[in-house]
Amino acid sequence: MALRFYNTLTQQVEPFAPLHDNTVRMYTCGPTVYNYVHIGNLRTFTFQDILRRWLRARGYQLDHVMNITDVEDKIIRNASAEHKSIAEYTEKYTQAFLEDTATLRLERPERLVKATDHITDMVEAIQKLAAREYTYTSDGSVYYRISKFHGYGKLSHNDFSGIRAGARVDVDEYDKANARDFVLWKAAKNGEPSWDSAIGPGRPGWHIECSVMAMKYLGETLDIHAGGVDLIFPHHENEIAQSEALTSKPFARFWLHSEFLNVEAQKMSKSAGNFYTLRDLLGMGYAPEVVRYLLASVPYRKKLNFTFDGLKAAATAIDRLRNFKLRLETDRFPEGANQKLEERTQAAARQFGESLDDDLNTAEALAALFEYVRDANTSMDSGEFRAGNVPSALELLNEFDRIFDVLRPSGDHAGLTDAQVEQHIAERAQAKKNREFARADQIRKQLLEAGIILEDTKEGTRWKRK
RNA sequence: GGCGCGGUAGCCAAGUGGUAAGGCAGAGGUCUGCAAAACCUUUAUUCGUGAGUUCGAUUCUCACCCGCGCCUCCA
């Protein structure tokens with residue numbers, strides 16, 4: 001079956017293809033840069049990375065826009081507390097975001113766009129909405145009148161028709177006509193950053209930036225819009241309301257939402273003491289690719305229980321794959337090719353692809369790979385694995401790693417050079433030959449302390465860096 | 001209350017109307033000077049509970065129990 005995704009809008013799994021030519025136009029909600037990204041954020045960004053890579057693996061070009069929200073209440077508050085401009089304040093966390101995502105091997109979207117670079121576009125959009133009578137003004141702030149938009153609620157599958165202006169919910173604080181109405185433009189307040197504009201001094205509301213930037217770069221109808229489940233309502237619902245009020249066209253064809261992550265089965269929160277940034281985990285000694293593996297291994301629509309046992313399991317699983325690759329690269333196999341095994345390799349590759357085609361079922365894709373690894377190891381042990389089977393096996397691993405990207409170790413390679421390691425190994429081989437096992441073990445131990453792991457095989461000693 | 005997600009072995013976690021993938025951990029074994037790696041055996045007669053539909057349900061329906069998310073800017 002072809003590539004397909006679960007679409008929040010229709011609540012169904014649907015075959016996917018881009019609307020125009022071969023390019024997928026995709027928008028994802030990026031970070032609000034007021035802090036370092038935590039592993040919950042990274043779960044979503046990792047899902048988006050897997051999505052990107054798989055779309056490309058299936059032959060599509062990408063035009064992926066990610067926003068950086070660099071004006072927002074928390075930013076203003078924190079920047080003010082540090083006596084910094086919001087530009088100065090957000091620059092630090094924007095850089096940190098770029099570093100952290102690079103560390104996690106997340107590909108850069110084709111375009112990263114900042115809200116503050118698009119204030120004029122937003123003002124223009126708000127004016128258009130006003131001209132179409134989707135807005136009203138109160139105390140200098142501009143609000144979106146949701147009762148005017150008939151599809152309101154179609155993404156979150158809520159029925160808001162029963163909500164009437166002024167009913168039950170007292171909203172005098174914001175002078176909104178309806179509790180669900182949301183702000184497009186916030187009137188300037190003393191001590192807060194603001195922009196002069198045709199609709200008065202102020203700053204944009206949160207939702208408008210995504211509608212405006214998405215359509216500016218990708219056109220009126222996106223192929224994919226993605227984010228965390230928490231954004232379904234109100235953020236994405238409001239984006240639809242804004243965008244479709246502006247264009248009268250569907251804003252996005254596919255809405256993909258990733259589930260939340262829990263830590264040790266608990267909601268992650270600072271107060272619970274189980275709040276982790278990537279930097280925290282690296283500081284505890286976990287390699288980035290281990291975190292990446294754990295985040296990627298659970299299908300994105302399933303809640304992910306992030307545990308330290310899970311991290312250890314991820315590290316061991318990666319080792320298993322790396323060991324297999326090392327064996328492929330270093331063992332000597334009999335000439336020829338085992339046709340049965342070749343077929344097995346093709347079957348594994350097919351299953352891997354079919355699993356990812358099925359709404360990015362990473363768990364199933366991994367299962368296909370590991371099953372193959374066991375089969376291949378078995379046939380190596382028995383001598384059925386031939387030299388001619390190596391290329392396709394390596395290609396399967398490469399195909400896997402083009403998506404998961406965990407085989408390359410990220411540790412620094414300071415210390416012994418390859419030649420030095422080889423020399424120590426030669427010394428140890430001599431010692432073994434002389435049955436000086438104490439000396440041989442000593443060399444192995446010293447190398448281990450230098451981060452070099454030795455494995456003796458029939459054909460000699462192979463080694464890897466820790 | 002509304003909307004939505006989930007409860008599968010010690011842990012993580014796939015999956016299907018026909019009888020339970022994979023990873024990790026545990027136990028035993030093979031190999032090895034030792035170790036590592038790898039492999040083999042073993043760990044769910046059972047998929048939250050009850051009822052129903054069916055020749056047959058973990059998979060469909062209903063009810064219930066439990067956990068979770070969203071419902072004013074949190075991935």
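Letters A, B, ... are given to chains in the order of the sequence lines, protein chains preceding strands, and every chain is numbered from 1.
In this structure, A/Phe370 forms no aromatic stack with the base of B/G22, since the conditions of centre separation below 5.5 Å and plane angle below 30° are not both met.
Across the interface with RNA chain B, nearest-nucleotide mapping of A/Tyr34 and A/Ala438 shows A/Ala438 to be the residue nearer the 5′ end. When the nearest nucleotides of RNA chain B are assigned to A/Ala368 and A/Asp230 by heavy-atom distance, the more 5′-ward of the two goes with A/Ala368.
For B/C70, one of the phosphate oxygens OP1 or OP2 lies less than 4.0 angstrom from a side-chain nitrogen or oxygen of A/Lys267. In this model, the phosphate group of B/A14 is approached by a side-chain N or O of A/Lys302 to a distance below 4.0 Å at OP1 or OP2. OP1 or OP2 of B/C39 lies within a sub-4.0 Å distance of a side-chain N or O belonging to A/Arg320. Not one side-chain nitrogen or oxygen of A/Asn158 sits closer than 4.0 Å to the OP1 or OP2 atom of B/C71. A sub-4.0 Å separation between OP1 or OP2 of B/A36 and a side-chain N or O of A/Asn323 is absent. Under 4.0 angstrom from either OP1 or OP2 of B/A37 there lies no side-chain N or O belonging to A/Arg327. Look at A/Asn377 and you'll find a side-chain N or O under 4.0 angstrom from OP1 or OP2 of B/C39.
A/His225 and A/Tyr27 have tilted rings, their planes meeting at an angle from 30° to 60° on a 0 to 90° scale. A/Tyr134 and A/Tyr144 have parallel rings, their planes meeting at less than 30° on a 0 to 90° scale where 60° marks the start of perpendicular. Taking the six-membered ring where tryptophan is involved, the planes of A/Phe404 and A/Tyr293 are tilted, since the angle between them lies from 30° to 60°.
Distance check: A/Trp206 CH2 to A/Lys186 NZ gives 11.0 Å after rounding to the nearest 0.5 Å. Summarising the geometry, atom CZ belonging to A/Phe275 is positioned 9.0 Å from atom CD1 belonging to A/Ile39; distances are rounded to the nearest 0.5 Å.
Going from the C1' atom of B/A9 to that of B/U42 covers 13 Å, rounded to whole Å. Comparing the C1' positions of B/G67 and B/C73 gives an interatomic distance of 27 Å, to the nearest angstrom. Rounded to whole Å, the P atom of B/G17 lies 29 Å from the corresponding atom of B/C24. The same atom, C1', is picked in B/A14 and in B/U58; the two are 13 Å apart, to the nearest Å. Spacing of C1' atoms, B/A20 relative to B/A44, comes out at 8 Å, to the nearest Å. The separation of B/C40 from B/G52, taken at their C1' atoms, amounts to 45 Å, rounded to a whole angstrom. Between B/G26 and B/C12, the distance separating the two C1' atoms is 15 Å to the nearest Å. A gap of 28 Å separates the P atoms of B/C11 and B/U61, to the nearest Å.
Applying the 3.5 Å distance criterion, the base of B/C24 shares no donor-acceptor pair with the side chain of A/Lys312. Put simply, the side chain of A/Arg444 and the base of B/C34 share a donor and an acceptor less than 3.5 Å apart. For a distance-only test at 3.5 Å, the side chain of A/Asn361 fails to qualify as a donor-acceptor partner of the base of B/G15. Judged by distance alone, with hydrogens and angles left aside, A/Asp456 brings a side-chain donor or acceptor within reach of the base of B/C34, the pair sitting under 3.5 Å.
Ring pair A/Phe160/A/Phe233: centre-to-centre distance below 6.0 Å. Note: A/Phe400 and A/Tyr372 fail the aromatic proximity criterion, with ring centroids not under 6.0 Å apart. Ring-centre distance between A/Tyr93 and A/Phe97: not below the 6.0 Å cut-off.
With a 3.5 Å ceiling on both atom-pair distances, the Watson-Crick or G-U wobble partner of B/G18 is B/C55. Pair assignment for B/G33 gives none, since no Watson-Crick or G-U wobble pairing has each distance under 3.5 Å. Nucleotide B/C24 forms a Watson-Crick or G-U wobble pair with B/G10, both donor-acceptor distances falling under 3.5 Å.
Of the residues in residues 67-76 of chain A, A/Glu72, A/Lys74 come within less than 4.0 Å of RNA chain B through at least one heavy atom, sorted by number.
At the heavy-atom level, A/Leu369 lies nowhere under 4.0 Å from the strands shown.
Here the side chains of A/Glu107 and A/Arg53 are in contact, with some heavy-atom distance below 4.5 Å.
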